[in-house]
Amino acid sequence: MKPIIYQLFPRLFTNTCTTCVPNGTIEQNGVGKMNKINNKVLKSIKDLGVTHVWYTGVIEHATKTDYSAYGIIPDNPHVVKGNAGSPYAIKDYYDIDPDIAEDVPNRMKEFEELVKRTHDNGMKVIIDFVPNHVARQYHSDVKPQGIEDFGVGDNPNMMFAPNNNFYYITRQVFSPHFDLGSGKDAYFEFPAKATGNDCFSAFPSVNDWYETVKLNYGVDYGNGSRHFDPIPDTWFKMVNILRFWASKGIDAFRCDMVFMVPVEFWGWAIPLVKEKYPHIKFIAEIYDVNIYRDYIYNGHFDYLYDKVSLYDTLRGVQCCNISAASITNCWQTVDGINDNMLNFLENHDEQRFASEQYAGNAHIVSPSLVVCSTISRAPMMIYQGQELGEKAADAEGFSGLDGRTTIFDYWSIPTVNRWYNNGKCDGKLLTEEELKLRNLYKHILTMCNKEKAISDGEFFDLMYVNYNNINPHRHYTYLRHFEDETLLIAVNFGDEAADIDINIPAHAFDYLKIMQGDYNGKELLSGEKGKFKLSSSTPFHTEIEPFSAVIWKLTPRKTKKS
């Protein structure tokens, strides 16, 4: 199975408010709930070809909303981003965010029921694991017996000590370059703690991750020394958290900013989790191709974000006049670990494809979507509303007008809201163009596991023999092959129709064990059929519409017996 992941933010996903105001409170703008992600919703997601749902922001994080009536200590609003707060400023690793529960005291039960519903609908569950930092005011109200909070037992007089959970800026008050309030409502921290984005200063800016505190895994950033024997206290606390959530029946962790945590920790922790939960997969958010292999082979990750290779290249081809031929460099960069990549065009950190800051038009996505989803056996991920052409055209509050869907504010997603239609999920409020786009995503994502050549087959890049007969600046072409079925895939990033002849070298026939001869062909996106001769001496002819793609499925033509 080729994993097809749907990233879903419960706080936003089923929020039906249509009158959201910038910087609105939960009372003004509303909030989505786990219970609203019911069987009908899940069936519709599954219908897209999805195999895994990544529930983003389910663990309790800092917020300006007061839940003290439920025994949850309030957060100081001066160290919370937005009214809703960042889902990556975890304030209790052992709890579910109260925002997304209909019955706050039973929020964990609601999460467990969501996991079960997702499984019952034939999909697996991914949640975030945020290892590098915690909320400024971390405190667990529901931690298991025998578990201590982070920072308990720390020596705050030491900038670094191997068993401290935090890094301290000794003899300094936390004094960022923005207001921390006054009087009884002021935020006060002494000594200051290092900020999550490796700001080892008492004076972070508003652009730093000031709402978070960096965790100490035994690396002394003062002199670069590493202290992993004996095993640091933070390691034990983190593996306990991983095991806790694994026991809830989830299937994978999407691990935040893994390269900010030493690979030695992952190499120790992941096998410990898999000892008892061998099915659990680990997905790494990572942005340095030079350490990809280290985090696979030594860190034991199953999948890595391929942001800085394939994502950046596809965006460059789409927006920055980069040649489509440069896609070849992407698979060459990860050659041998291709199956360990996680491919995507959108996620909560990136600008929406349809936004003015990216492509500006959801309906020219075909070439990027086809390449991203069919170039390898690796997982493919889409983000809530991507399949509907969400533009993220709102200035929601803290997030601002940046082409991204906010993760800091109470808001609803216009396209998702209309698709959801108060739980009907019937598409009746969607435009004809939105329905057409959703069907395109469904067709391509479903194809990823329907066609064995995509989910299990080999890959062969055809560009090196086609630079002179196609436009390598706007066109890209390759083969996928499994058993007796071959897919010839060609994409057109250009705004003009292409009428092209594609050379298939003898080496491709030998490498993929394809017979030269007569073939029946079906173009999997349009349904067009044809008869073809596959030969190293005869180019394969096809036409491609502007901003489009063709996926020709070729099967040997059987000859009649005399």
Side-chain angles (χ1 to χ4, degrees), residues 1-16 31-60 87 94-103 106-130 241-256 273 277-283 302-303 342 344 346-348 379-388 413 416 419-426 438 441-442 445-446 448-449:
M1 181 185 66
K2 177 184 173 80
I4 306 296
I5 300 168
Y6 191 91
Q7 184 188 4
L8 180 162
F9 201 168
R11 185 209 292 163
L12 303 173
F13 192 72
T14 56
N15 184 11
T16 57
V31 68
K33 302 294 183 181
M34 292 181 288
N35 283 353
K36 298 295 185 183
I37 306 170
N38 57 27
N39 287 320
K40 185 175 288 187
V41 171
L42 291 167
K43 183 179 183 300
S44 187
I45 293 172
K46 168 78 171 177
D47 194 47
L48 283 171
V50 171
T51 62
H52 294 66
V53 182
W54 167 16
Y55 293 111
T56 304
V58 298
I59 299 178
E60 186 182 343
Y94 290 98
D95 208 352
I96 291 295
D97 191 69
D99 272 350
I100 58 176
E102 290 184 332
D103 182 15
N106 289 312
R107 54 195 180 274
M108 184 61 76
K109 182 179 179 183
E110 289 188 15
F111 172 73
E112 291 167 348
E113 290 171 346
L114 176 60
V115 172
K116 184 178 185 302
R117 277 198 305 281
T118 307
H119 288 161
D120 288 346
N121 280 277
M123 294 177 290
K124 296 184 178 181
V125 172
I126 304 170
I127 67 167
D128 285 289
F129 175 58
V130 187
I241 291 163
L242 287 166
R243 286 167 164 167
F244 172 82
W245 290 106
S247 74
K248 297 296 180 183
I250 69 156
D251 303 286
F253 291 101
R254 178 269 187 190
C255 301
D256 190 66
V273 175
Y277 306 98
H279 70 285
I280 295 277
K281 301 297 184 185
F282 284 80
I283 302 167
D302 298 287
Y303 304 114
L342 172 66
F344 56 86
E346 291 187 18
N347 63 49
H348 69 274
M380 172 67 184
M381 180 173 73
I382 68 168
Y383 186 39
Q384 55 187 3
Q386 177 183 340
E387 74 281 13
L388 304 171
I413 306 171
V416 173
W419 162 81
Y420 181 64
N421 194 12
N422 289 307
K424 298 184 181 69
C425 307
D426 55 11
R438 192 177 193 274
Y441 272 86
K442 175 183 175 179
L445 296 179
T446 302
C448 287
N449 276 305

Can you name the nearest heavy-atom pair linking [X] to [Y], along with the distance?
{"X": "T56", "Y": "P10", "result": "O-CD, 3.1 Å"}
{"X": "R117", "Y": "I37", "result": "NE-O, 3.0 Å"}
{"X": "Y277", "Y": "S247", "result": "OH-CB, 3.4 Å"}
{"X": "K2", "Y": "C448", "result": "CD-CB, 3.8 Å"}
{"X": "P3", "Y": "Y303", "result": "CG-OH, 3.9 Å"}
{"X": "R11", "Y": "P87", "result": "NH2-CD, 4.2 Å"}

To the nearest 0.5 angstrom, please state how far the [atom1] atom of [X] sits from the [atom2] atom of [Y].
{"X": "Y6", "Y": "E387", "atom1": "OH", "atom2": "CD", "answer": "3.5 Å"}
{"X": "I100", "Y": "K33", "atom1": "CD1", "atom2": "NZ", "answer": "8.5 Å"}
{"X": "S44", "Y": "K424", "atom1": "OG", "atom2": "NZ", "answer": "14.0 Å"}
{"X": "F129", "Y": "R254", "atom1": "CZ", "atom2": "CZ", "answer": "12.0 Å"}
{"X": "I382", "Y": "Y441", "atom1": "CD1", "atom2": "OH", "answer": "7.0 Å"}
{"X": "T51", "Y": "K124", "atom1": "OG1", "atom2": "NZ", "answer": "8.0 Å"}

- Ring centres of W245 and F111 under 6.0 Å apart? yes
Using only atom types and a distance under 3.5 Å, with no angle test, would you say the side chain of [X] pairs donor to acceptor with the backbone of [Y]?
{"X": "Q384", "Y": "F9", "result": "yes"}
{"X": "Q7", "Y": "M381", "result": "no"}
{"X": "N38", "Y": "K40", "result": "yes"}
{"X": "H119", "Y": "I250", "result": "no"}

- Please report the C-alpha distance between Y383 and W54 in whole Å, then the side-chain angles of each, then the deciding distance to 0.1 Å, and finally whether the ring pair (Phe, Tyr, Trp, His ring centres under 6.0 Å) criterion is met. CA-CA 9 Å; Y383 186 39; W54 167 16; 8.0 Å; no
- Message: The test is side-chain contact (heavy atoms from CB on, under 4.5 Å); show your working for M34 and Y55 and say whether it passes.
- Response: CA-CA 10 Å; M34 292 181 288; Y55 293 111; over 6 Å; no
- side-chain contact (heavy atoms from CB on, under 4.5 Å) between K248 and I127, intermediate numbers included: CA-CA 11 Å; K248 297 296 180 183; I127 67 167; over 6 Å; no
- Task: Please tell me if the side chains of I5 and L342 come closer than 4.5 Å, counting only heavy atoms from C-beta onward.
- Result: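 Yes - at least one pair of side-chain heavy atoms lies under 4.5 Å apart.
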- Task: Give a yes or no on this: more than 12 heavy atoms of other residues, nucleotides or ligands lie within 6.0 Å of atom NZ of K46.
- Result: yes
- Message: L8 vs I45, test: side-chain contact (heavy atoms from CB on, under 4.5 Å). Steps then yes/no.
- Response: CA-CA 10 Å; L8 180 162; I45 293 172; 3.7 Å; yes
- Derivation and outcome, side-chain contact (heavy atoms from CB on, under 4.5 Å), residues D103 and E110: CA-CA 8 Å; D103 182 15; E110 289 188 15; 3.5 Å; yes
